[in-house]
There are 2 protein chains.
Amino acid sequence: MSQISELKKSDTKRDGKKTQDDIVYAHIFDAILEQRLSPGTKLNEESLGEIFGVSRTIIRRALSRLGYEQVVVLRPNRGAVVACPTIEEARQIVFARRVVEKAVMELVCDNAQKKQLEQLRQMVRDEQACFDRGDRGAGIRLSGEFHLLLAEIANNPPLLSFQRSLVSLCSLIIAQYESGAKSHCSYDEHFELIDAIAGKDKPRAVSLMMHHLDHIEEKLSLDDEIATDDLKAIFSHVRNPR
Amino acid sequence: MSQISELKKSDTKRDGKKTQDDIVYAHIFDAILEQRLSPGTKLNEESLGEIFGVSRTIIRRALSRLGYEQVVVLRPNRGAVVACPTIEEARQIVFARRVVEKAVMELVCDNAQKKQLEQLRQMVRDEQACFDRGDRGAGIRLSGEFHLLLAEIANNPPLLSFQRSLVSLCSLIIAQYESGAKSHCSYDEHFELIDAIAGKDKPRAVSLMMHHLDHIEEKLSLDDEIATDDLKAIFSHVRNPR
DNA sequence: CATACTATAATTGTATACAAAAAAGTCAAC
DNA sequence: GTTGACTTTTTTGTATACAATTATAGTATG
């Protein structure tokens, strides 16, 4: 396995006041958001330690944080794997996200300053640029970060922290169930959202957001039976002769 | 400091498949829910290790989980303290809780089975019994656990996990800002909520819940200027002569 | 007496060693 | 060729040692 970059003291200082496990956490989080890490991938502690140039202590801290966010599943004595939400779980996650995004949208319509609207627009322009130049990974990440920026503008730290977890989980869901080549979260819709916010049109902003989330959920319905890994269901027609 | 109980392997096994840090986490969480741990209390790693009979490794894991839930604040190099939400933060937490409780209530009205209604009623009876016999700590904890049981019945794990964080934070807010002797969350209101759920009366259930949360927020408005620790505001009339 | 400075103690951060558990491999028996 | 018991290797869980940082006490100085 190749070394990404040894995180030495000097790096830590350059990165601000972030501690080493924050950095490891951020790298893994980004990899998930960019869909470079697929659902189900085993996250070996020692390998990760070598990659980042730190001891397992740091890796374990980062993994347990990801585990708390449910992006990673920690199986006792059996290590950590990137989460593979079932369709049932995916529906619950999207539902939770509807709840949060609605609240965020209403707060943002009330609070958003001109400067923040420009920040949002810039981020969507970046997102567009990424897709245009074919950098799908970065595009997907920025698409997720757009929703995180909305939660930040809503100015409610608990909701933001919950949103982090939900956005990364949705990224996994899309990775697992996206069938066609169609991009999952188009920037046009993001521009429309910004317009609604700028016009302080709460009902329209919320309805656009709900529509936005419908796209994710539609894929779940389509793939309903196909994508399942429930062996019992797959072989339900086989009768046990005993 | 006295030893509560050494958590040895045997205990761990008796407690099911919970690992040691789960147990430490649960003990601290309960202490916060019962308001035996006050906002601002320093949580020394070595002391906690002695109390629970485990090494700092385990304590640190439990603390970082509590830190993720924001119930405990982890100050780099300066240790962990029980969170002291400011009034501003308290408002944000209560807002987030309104959002979650509304969604939970609607799900519960749709899904609740007879058996679960009885479970809810039993819990509120227990709560009432605690207050009647003067066990305020356990009463407060059960009051919080009632709301967690609702989130469980809503059958949405992400929302449940968020609710855990919000309920414990609210317990801290109440500990910090509760002025009178009046109990913060009366069981009568819980019985009313159950009735609304049993009648599948969504609007009433939601409105009762919002009213329930108003009680917490009212205290914040009352103590608005008094309880603040913003030194700059307190001494704003003092002119700096330089 | 207050303040700044230094030495010391206490506490947190990280790496590592070892124990415990799970996974992978070996090989004989059928 | 498959199955099952045994051994070895790998991986995770926990304690501990040491380094880095912060807090405390003591001391000298104005």
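Note that this is a predicted model, so its numbers are computed, not measured.
Atom P of nucleotide C/dA22 and atom CZ of A/Arg75 are separated by 12 Å, given to the nearest angstrom. With rounding to whole Å, A/Asp22 atom CG is found 13 Å from C/dG13 atom C1'. Rounded to an integer number of Å, the gap from CD1 of A/Ile23 to C1' of C/dT14 is 14 Å. Look at CD1 on A/Ile59: it is 15 Å from C1' on C/dG13, rounded to the nearest Å.
By the side-chain hydrogen bond (donor to acceptor under 3.5 Å, both in side chains) test, A/Glu101 pairs with A/Arg97, A/His147, A/Gln163, sequence neighbours left out. Under the salt bridge (Lys or Arg N to Asp or Glu O under 4.0 Å) criterion, B/Glu89 pairs with no residue at all, not counting sequence neighbours. The salt bridge (Lys or Arg N to Asp or Glu O under 4.0 Å) search around B/Arg141 returns B/Glu34, B/Glu145, not counting sequence neighbours. Applying the side-chain hydrogen bond (donor to acceptor under 3.5 Å, both in side chains) criterion to A/Arg60, with sequence neighbours excluded, gives A/Glu45. With sequence neighbours left out, the salt bridge (Lys or Arg N to Asp or Glu O under 4.0 Å) criterion links B/Arg98 to B/Asp214, B/Glu217.
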Would you be so kind as to tabulate the donor-acceptor pairs closer than 3.5 Å made by side chains of residues 150-157 of chain A, with sequence neighbours excluded?
from: A/Asn156; atom 1: OD1; to: A/Leu159; atom 2: N; distance (Å): 3.3
from: A/Asn156; atom 1: ND2; to: B/Gln92; atom 2: O; distance (Å): 3.0

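One finds a salt bridge joining B/Arg65 and B/Asp22 here, because a Lys/Arg side-chain nitrogen approaches an Asp/Glu carboxylate oxygen to under 4.0 Å.
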Inset, instruction - Would you mind building the protein contact string for nucleotides 6-11 of chain D? One character per nucleotide, 5' to 3', B for base within reach (heavy atoms under 4.0 Å), S for sugar-phosphate only, - for untouched. - result: -----S

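Sorted by first and then second residue, the ring pair (Phe, Tyr, Trp, His ring centres under 6.0 Å) pairs with a member in residues 82-101 of chain A form an empty list; sequence neighbours excluded.
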Nucleotide N/O to protein N/O under 3.5 Å, stretch nucleotides 15-17 of chain D:
from: D/dA15; atom 1: OP2; to: B/Ser55; atom 2: N; distance (Å): 3.0
from: D/dA15; atom 1: OP2; to: B/Ser55; atom 2: OG; distance (Å): 2.7
from: D/dA15; atom 1: N7; to: B/Thr57; atom 2: OG1; distance (Å): 2.7

